[in-house]
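Read the structure below first, then the notes.
Chain letters run A, B, ... following the sequence lines, proteins first, then strands; residues in each count from 1. A quick note: this is a predicted structure, and the numbers were derived from the prediction, not measured.
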2 protein chains.
Amino acid sequence: MGDMLDSCYQELERRHIRLTPQREAVLLALYRDRDGHLTPYELFKKAKKIYPELGLATVYRTLELFLGTGLLRDVQFDKGITQYELKDAKGSRHHHLVCKCCGHLQEINGIFPKKLLDQVNEETGFLITDYCCQFYGYCEQCRAGSNYDDRQVEIEKHVRKEV
Amino acid sequence: MGDMLDSCYQELERRHIRLTPQREAVLLALYRDRDGHLTPYELFKKAKKIYPELGLATVYRTLELFLGTGLLRDVQFDKGITQYELKDAKGSRHHHLVCKCCGHLQEINGIFPKKLLDQVNEETGFLITDYCCQFYGYCEQCRAGSNYDDRQVEIEKHVRKEV
DNA sequence: TTCCTTGCAAATCCTTTGCAAGGGT
DNA sequence: ACCCTTGCAAAGGATTTGCAAGGAA
């Protein structure tokens, strides 16, 4: 599984981007937490354990750099909160299911048939190279729980008219 | 087309949420701009024309309120920028295509076969009631333009390993 | 009266920037 | 020598909060 990390190193080298200890600390922290999503500040705290002199501004600069290099994806779940994840960290494209009741975040793997994306390209001329989807709703636990209001959900659906 | 506005009014009434002039100004401004996406501040400026005493904080509070009521959807395109839109404003579910080259935002209508969403429900127990997708890539104009670097796009794809 | 809503200003939180210092090439 | 990168502190921007006043129920 050093595979993913290797391809990051290679990509950075290919682009002549210097791998400073700060940048490496950020990369490693992202890698260690590849099953989650980190905010810049969370990442800062984790990376600081690897390289204690690290400054928060450097984390932001590094994230911006890695983003431009295509190593990361940034995901917005809630207002003002940006989280980052290494691309392909889960071995394949994935999406996020956010429970509106308990806030739980779970992931599902690529549900898009490639055909769908090709179709968009054909119809609009837009070439999709990346995407990020959030699905909101109610998780299994909450739906089983006592504070789950079925009626409320029906109303939501109604206001929306369709799902 | 007062239809959409009507259902908002009804929903607010049903929930015993008082429709103050400030709130109505916000709602109307959203409605008038239903083909676009507004940031809170843009919305503030527009709604202020309808009700000049309006304060910015009230706009934020109202957006939060409407969001909880399910009248709105919030969309994050870029770090730190949240935009709002009335739900079903375009008559049907839509998605966003963001060009990484020129920043142009265009919309496409629901490309999800309902089957896909049902399948998620079956497999995970998660009930999707809403979703929001951003697709990133390159628009037709940019791909035709001279500063479009085909090789760069290939590299992106490679780093990502798949689209 | 009591509760809700508001405008304003202050506070807070997240992110970016200016700058001088340190390190690589 | 030159350019890149960094940490720190300050600046900037967006959003939230405290509070006293006004209005509805």
Length of the line joining [X]:[atom1] and [N]:[atom2], which is rounded to integer Å:
| X | N | atom1 | atom2 | value |
| --- | --- | --- | --- | --- |
| B:Leu19 | C:dC4 | CG | C1' | 14 Å |
| B:Leu56 | C:dT12 | CG | P | 19 Å |
| A:Ile17 | C:dT25 | CD1 | C1' | 17 Å |
| A:Leu38 | C:dT15 | CG | C1' | 17 Å |
| A:Glu64 | C:dT17 | CD | P | 9 Å |
| B:Arg15 | C:dC4 | CZ | P | 17 Å |
| B:Leu12 | C:dC4 | CG | P | 17 Å |
| A:Gln83 | C:dT15 | CD | P | 10 Å |

Residue mapping more 5' on DNA chain D - nearest nucleotide basis, A:Leu65 or B:Arg18 | A:Leu65
Of A:Gly55 and B:Tyr41, the one whose closest DNA chain D nucleotide lies more 5' =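 Its nearest nucleotide lies further toward 5', so the answer is A:Gly55.
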Sidechain N-carboxylate O distance under 4.0 Å for A:Glu64, A:Arg61 = no
Between B:Arg15 and B:Glu11, does at least one N-O distance fall below 4.0 Å, as a salt bridge requires?
-> yes
Just the endpoints, please: which first and last nucleotides of DNA chain D, 5' to 3', lie under 4.0 Å from a heavy atom of chain A?
->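 Footprint of chain A along DNA chain D, 5' to 3': D:dC4 to D:dC8.
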Would you say a side-chain N or O of B:Thr20 is under 4.0 Å from OP1 or OP2 of C:dC4?
->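 For C:dC4, neither OP1 nor OP2 has a side-chain N or O of B:Thr20 closer than 4.0 Å.
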A:Tyr60 side-chain N/O to C:dT15 phosphate OP1/OP2 under 4.0 Å | yes
To check you understand the geometry: which heavy-atom pair defines the closest contact between [X] and [Y], and what is its length?
| X | Y | value |
| --- | --- | --- |
| B:Phe126 | A:Val98 | CZ-O, 3.4 Å |
| A:Arg143 | B:Gly125 | NH1-O, 2.9 Å |
| A:Leu54 | A:Val59 | CD2-CG2, 3.8 Å |

Could you tell me whether A:Arg23 contacts a base, only the sugar-phosphate backbone, or nothing, with contacts defined as non-hydrogen atoms closer than 4.0 Å?
->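 Here A:Arg23 touches the backbone only, sparing every base.
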Taking salt bridge (Lys or Arg N to Asp or Glu O under 4.0 Å) as the test, write out the residues that go with A:Lys48, two or more places apart.
->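 Here no residue qualifies.
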Can you list the residues that meet the side chain to side chain donor-acceptor pair (under 3.5 Å) rule with A:Gln83, with sequence neighbours excluded?
-> none
